[in-house]
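The structure appears right after this line, and notes come after that.
Source: prediction; values computed, not measured. The first residue of the sequence shown is numbered 1, and numbering continues consecutively from there.
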Amino acid sequence: MRIGTGYDVHKLVEDRKLILGGVEIPYEKGLLGHSDADVLIHAIMDAILGAAALGDIGKHFPDNDDAYKGISSIVLLKKVAEIIKKEGYEIGNIDSTIIAQRPKLAMYIPAMRENIANALEISVSQVNVKATTEEGLGFTGEGLGIASQAICMLL
């Protein structure tokens, strides 16, 4: 059994789609990044790779490589699943938290869990996604960005 953690943060900007957990969420701003900037999936990928001691997403999918420009993070998550399978690991469970003052995310969480489980070829019961605010404090509380944390257990 191995455990890994992941963290990601991206700035909210205009003229970008807001994608979290592979779900496009209607909002006036989106996350800035080289890929689709899905902070939830990025944190989960880092947790998985960390548990396997295989580095991080920057090592596997560098942000200066045009092959990953605008790519769906769900596609990258599928690649991470392939990487850990080749190493002989399987996912026990994933627990994650999105930290955002706005928008409200509760209604989108079931679809996020489904997307993550499908990409990793695991049961939805092995994936937990939560959302919280920071009560107006810090950059997420001020609506300047969104962060996410994740933990993964590999078997």
Kindly say whether [Y] contributes a backbone atom to a donor-acceptor pair with the side chain of [X] at under 3.5 angstrom?
| X | Y | result |
| --- | --- | --- |
| D46 | I57 | yes |
| H34 | D65 | yes |
| S96 | N128 | yes |
| Q126 | S123 | yes |

4.5 Å side-chain heavy-atom contact, [X] and [Y]:
| X | Y | value |
| --- | --- | --- |
| L54 | H60 | yes |
| Y7 | V39 | no |
| F61 | S35 | no |
| I48 | I94 | yes |
| M1 | L154 | no |
| I84 | I91 | yes |
| L144 | L12 | no |
| M112 | I98 | yes |

Could you pull out the closest heavy-atom pair between [X] and [Y], with the gap in Å?
| X | Y | value |
| --- | --- | --- |
| R102 | G143 | NH2-CA, 3.9 Å |
| A37 | H42 | CA-CE1, 3.9 Å |
| A43 | S148 | CB-O, 3.6 Å |
| G4 | A51 | N-CB, 3.4 Å |
| Q101 | G136 | OE1-N, 3.0 Å |

Does [X] share a hydrophobic cluster with [Y], counting links as ILVMFWY side-chain heavy atoms below 4.5 Å and allowing steps through other members?
| X | Y | answer |
| --- | --- | --- |
| I122 | M45 | yes |
| I44 | I151 | no |
| I19 | V80 | no |
| I71 | L77 | yes |
| M153 | I83 | no |

Quiz item: Testing L18, T140, I99 for side chain to side chain contact (heavy atoms under 4.5 Å, CB included) with I146, which one passes?
Solution: L18
Quiz item: Would the number of heavy atoms belonging to other residues, nucleotides or ligands and lying under 6.0 Å from NZ of K104 be above 12?
Solution: no
Exercise. Check the surroundings of atom CG in D15: do more than 12 heavy atoms from other residues, nucleotides or ligands lie under 6.0 Å from it?
Key: no
Exercise. Give a yes or no on whether a salt bridge exists between K69 and D63, defined as a side-chain N under 4.0 angstrom from a carboxylate O.
Key: no
Quiz item: Would you call E121-K78 a salt bridge at under 4.0 Å N-O?
Solution: no
Quiz item: Can you name the one residue among D38, D8, D36 that meets side chain to side chain donor-acceptor pair (under 3.5 Å) with S73?
Solution: D36
Exercise. Measure the spacing between CG of L105 and NZ of K130 and express it to the nearest 0.5 Å.
Key: 13.5 Å
Quiz item: What's the spacing between L155 CG and Y89 OH if we round to 0.5 Å?
Solution: 11.0 Å
Exercise. Could you list the residues that satisfy salt bridge (Lys or Arg N to Asp or Glu O under 4.0 Å) with K79, not counting sequence neighbours?
Key: none
With a 3.5 Å cut-off and sequence neighbours excluded, list the donor-acceptor pairs that the side chains of residues 25-33 form with protein atoms.
none

